[in-house]
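Below is one structure; the comments refer to it alone.
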Amino acid sequence: RTGSQIMATFLLDLILYLFQMGNYDVIVVGGGLAGLTAALHLQLKKVHVAVFERQKYPHHKVCGEYLSKEVVPYLESLGVCLPKLNNIDRMLLSTENGRSITTKLPLGGLGISRVHLDHALYSQAVSTGVPVLQRTITSIEYSNSKFTVLDSKGAQYSAKFVVGAYGKRDGLDKNLQRSFIKGKSPWLGVKAHYKSTSFPSNLVAVHNFRGGYGGLSKTETGAINFCYLVSYDSFKREKDLESFQQNVLCKNPYLKDFFERSQMLFDKPMTIGQIAFGKKSAITNHIILCGDTAGLIHPFCGNGMAMAVHSAKIASQLIHRYFTDSNYKRQDLEKDYTTQWQATYEKRLWMGRQLQSLLLSPAIFQRTMQFLNYSPYIVSKLVQATHGKQIDTV
Ligand SMILES: Cc1cc2nc3c(=O)[nH]c(=O)nc-3n(C[C@H](O)[C@H](O)[C@H](O)COP(=O)(O)OP(=O)(O)OC[C@H]3O[C@@H](n4cnc5c(N)ncnc54)[C@H](O)[C@@H]3O)c2cc1C
């Protein structure tokens, strides 16, 4: 961040703390892709919005870093500048024993690190005047058509709407008594960047192994991102990440070859736990939920980031309508958001669940791959079923 950005953020924080002035049309909780997109869109439409994000920017995130092109023109129309060095148009899929298939991707994507992508949205939000405040939100209450939001230091803010974009899982879900929180969260995500020779910039490679799968793709820095999802059951049979790499990941000859020819650029891989793919709601206690907060698609589909951005667009359009059409009421907005969310994502989520269970049943997956070898086109069609069409600009 530039000195002036840091100074502006500091002064803004100070004023808000001293005078507790936090009264907005919309408070966005969580400044990841969904939250920052919503803030950028609403700011452009002159809705008074603020973002509360618990982490400092820039920061890495556990993610496969494949951004579907369906949201690229829309993000650019919000003024976000995206590096297009890695135009990914092919996918390689391999089984644990190294049987593989390569197919053309219907729409394709960009290889961009999350540290870069989230920061690009954050910088654009700050430069358009959105207050992005470093706060951990601990409570969101709704009463008399107004939200009261509390942060971990006890400061209080209010708004007509709250967009919940705080990711997969948070203490807030418990406070809000969301039912998915009681279900199992049996997945672990691991990621690191590597220096490697000769990985094509137009390829995303998805490799299968016992209890999970991982994706390789190039980022804008030239580093290769390797990110994998694995069940706890499979992971806990090994003593640590290193032995998991040696004993499980390297059973797949593609991954063995990758690790032999690459060097990790992080001190150690990043990990996140408690990942679950159960059903969630798109609205809870009048909070409009976007991105992973409303539903998480299996990472194999490479569509979570696009869904985060697109759901934020849908929410922002409806919120903007509320502020410009006096006949449009909160209950209309909530009904429309739920309907549009379900119409846009339910089939994709369902298809993602089917593909993931196929991928994680080694015997069935090997047989399916034998069959798919005769028609890589079917793989491309399956990928298409987990993605949407390119969305309109703002
Ligand atoms: C292993 C793995 C690989 C993946 N690979 C891909 C891929 O290749 N392509 C793809 O498109 N998708 C992928 N995804 C999915 C993608 O990462 C998510 O769908 C996407 O990050 C969702 O964005 P979001 O804005 O909803 O949430 P996030 O990016 O998680 O943002 C939520 C933000 O909220 C903040 N926050 C949380 N709680 C609070 C609080 N109480 N107060 C304030 N702030 C808070 C967090 O710090 C965070 O910055 C992958 C997911 C996993 C698990």
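- Residues Phe277 and Gln356 meet the side-chain proximity criterion, which asks for heavy atoms closer than 4.5 Å.
- Using a distance-only test at 3.5 Å, with no hydrogens or angles considered, no donor-acceptor pair links the side chain of Asp292 to the main chain of Gly167.
- The closest side-chain heavy-atom distance from Tyr66 to Cys227 is not below 4.5 Å.
- Connection of Ile181 to Leu188 is not established within any shared hydrophobic cluster, with ILVMFWY side chains joined at heavy-atom distances below 4.5 Å, either directly or through further cluster members.
- Side-chain contact between Glu53 and Tyr122: absent, with no pair of heavy atoms (C-beta onward) separated by less than 4.5 Å.
- In terms of modelled atom types and a separation under 3.5 Å, the side chain of Ser139 and the main chain of Leu150 share no donor-acceptor contact.
- A cation-pi contact, defined as under 6.0 Å to the ring centre and within 45° of the axis, links Lys313 to Tyr74.
- For the residue pair Asn97 / Thr95, a side-chain donor-acceptor distance below 3.5 Å is found, with atom types taken as modelled.
- Within the 4.5 Å cutoff, the side chain of Leu33 has no heavy atoms near those of the Val71 side chain.
- Judged by distance alone, the side chain of Glu65 and the main-chain N or O of Ser217 form no donor-acceptor pair under 3.5 Å.
- Although no hydrogens or angles enter the test, the distance criterion places a donor-acceptor pair under 3.5 Å between the side chain of Arg178 and the main chain of Ser281.
- Contact between Leu92 and Ser100 at its shortest, heavy atoms only, is CD2-CB, 4.1 Å.
- When hydrophobic clusters are built by joining Ile, Leu, Val, Met, Phe, Trp and Tyr residues whose side-chain heavy atoms come closer than 4.5 Å, directly or via intermediates, Leu229 is grouped together with Leu355.
- To the nearest 0.5 Å, the span separating CD on Glu141 from CG on Asn175 amounts to 8.5 Å.
- Each of Ile319, Thr37, Val130 was compared with Leu42 under the side chain to side chain contact (heavy atoms under 4.5 Å, CB included) criterion, and only Ile319 meets it.
- Relative to the ring axis of Phe161, Arg330 places its NZ or CZ within 45° and under 6.0 Å from the centre.
- The shortest non-hydrogen separation linking Leu82 to Leu117 is CD2-CD1, 3.4 Å.
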Between Tyr24 and Tyr157, is the ring pair (Phe, Tyr, Trp, His ring centres under 6.0 Å) condition met? List the steps. CA-CA 8 Å; Tyr24 303 95; Tyr157 315 88; 7.2 Å; no
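- In this structure, Lys218 forms no cation-pi arrangement with Phe199, as its terminal cationic atom is not both closer than 6.0 Å to the ring centre and no more than 45° off the ring axis.
- Heavy atoms of other residues, nucleotides or ligands lying less than 6.0 angstrom from CG of Asp240 number more than 12.
- At a threshold of 4.5 Å between non-hydrogen side-chain atoms, the residues Val126 and Tyr57 do not count as touching.
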Trace of the side-chain contact (heavy atoms from CB on, under 4.5 Å) decision for Arg114 with Met305: CA-CA 10 Å; Arg114 287 302 296 272; Met305 290 197 272; 3.5 Å; yes
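- Residue Gln55 places its CD atom among more than 12 non-hydrogen atoms of other residues, nucleotides or ligands, all under 6.0 Å distant.
- Here CH2 of Trp350 is found 12.5 Å from CD1 of Ile297. Values are rounded to the nearest 0.5 Å.
- A continuous path of hydrophobic side-chain contacts links Val163 to Ile283 [ILVMFWY only; heavy atoms under 4.5 Å].
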Would Tyr166 and Arg54 count as a side-chain contact (heavy atoms from CB on, under 4.5 Å) here? Give the steps. CA-CA 9 Å; Tyr166 48 84; Arg54 71 173 166 208; over 6 Å; no
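- In this structure, the side chain of Lys329 engages the main chain of Ser326 through a donor-acceptor pair within 3.5 Å.
- The two residues Pro83 and Leu110 come nearest to each other via the heavy atoms O-CD1, 4.1 Å.
- Not one N or O on the side chain of Asn225 forms a donor-acceptor pair closer than 3.5 Å with the backbone of Lys191.
- No donor-acceptor pair under 3.5 Å is formed between the side chain of Arg90 and the backbone N or O of Thr102.
- A donor-acceptor pair is defined here as one N or O able to donate and one able to accept, closer than 3.5 Å; such a pair exists between the side chain of Glu70 and the backbone of Gly388.
- Counting heavy atoms from C-beta outward, His116 and Thr219 have side chains that stay 4.5 Å or more apart.
- Smallest separation of non-hydrogen atoms from Val190 and Pro269: CG1-CB, 3.7 Å.
- Residues Asn285 and Gln177 have side chains that never bring a donor and an acceptor to within less than 3.5 angstrom of each other.
- The distance from the CD1 atom of Ile140 to the CD1 atom of Ile27 is 8.5 Å, given to the nearest 0.5 Å.
- Both Ile378 and Leu105 belong to a single network of hydrophobic side chains, linked directly or stepwise wherever heavy atoms of I, L, V, M, F, W or Y lie under 4.5 Å apart.
- Of all heavy-atom pairs spanning Gly291 and Ser311, the tightest one is N-OG, 2.9 Å.
- One hydrophobic cluster, built from ILVMFWY side chains closer than 4.5 Å, holds both Tyr328 and Ile288.
- Within the 4.5 Å cutoff, the side chain of Val149 has no heavy atoms near those of the Phe52 side chain.
- Taking CD from Glu260 and OG from Ser196, the interatomic distance works out to 11.5 Å, rounded to the nearest 0.5 Å.
- The structure places CD of Glu96 at 15.5 Å from OH of Tyr213, a figure rounded to the nearest 0.5 Å.
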Pair His298-Arg353, side-chain contact (heavy atoms from CB on, under 4.5 Å): steps then yes or no: CA-CA 7 Å; His298 289 276; Arg353 281 195 282 275; 3.6 Å; yes
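- Ring centers of Tyr322 and His320: at least 6.0 Å apart, outside the cut-off.
- Note on Lys251 versus Glu238: no salt bridge recorded, every NZ/NE/NH1/NH2 to OD/OE distance being 4.0 Å or above.
- Counting only heavy atoms from C-beta outward, the side chains of Asp233 and Pro186 never approach each other to under 4.5 Å.
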Check step by step if side-chain contact (heavy atoms from CB on, under 4.5 Å) holds for Lys280 and Thr293. CA-CA 8 Å; Lys280 296 179 177 176; Thr293 316; 5.6 Å; no
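- A donor-acceptor contact shorter than 3.5 Å is absent between the side chain of Gln43 and the backbone of Val49.
- Note that CG of Leu289 is 8.0 Å distant from CG of Asp173, once rounded to the nearest 0.5 Å.
- Between the side chain of Tyr142 and the main chain of Ile287, no donor-acceptor pair closer than 3.5 Å is present.
- Using modelled atom types, one finds a donor on one side chain and an acceptor on the other under 3.5 Å when comparing Ser94 with Asn252.
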Starting from the C-alpha separation in whole Å, work towards a yes-or-no answer on ring pair (Phe, Tyr, Trp, His ring centres under 6.0 Å) for His207 and Phe258. CA-CA 11 Å; His207 300 298; Phe258 172 74; 8.5 Å; no
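- Counting heavy atoms of neighbouring residues, nucleotides and ligands inside a 6.0 Å radius, atom CD1 of Ile364 does not exceed 12 of them.
- Closest non-hydrogen pair, Phe259 versus Cys250, comes out as CD1-SG, 3.8 Å.
- Note on ring orientation: taking the six-membered ring where Trp is involved, the planes of Phe266 and His193 are tilted (angle from 30° to 60°).
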Ring pair (Phe, Tyr, Trp, His ring centres under 6.0 Å) evaluation trace for Tyr228 with Phe209: CA-CA 10 Å; Tyr228 65 90; Phe209 50 81; 5.6 Å; yes
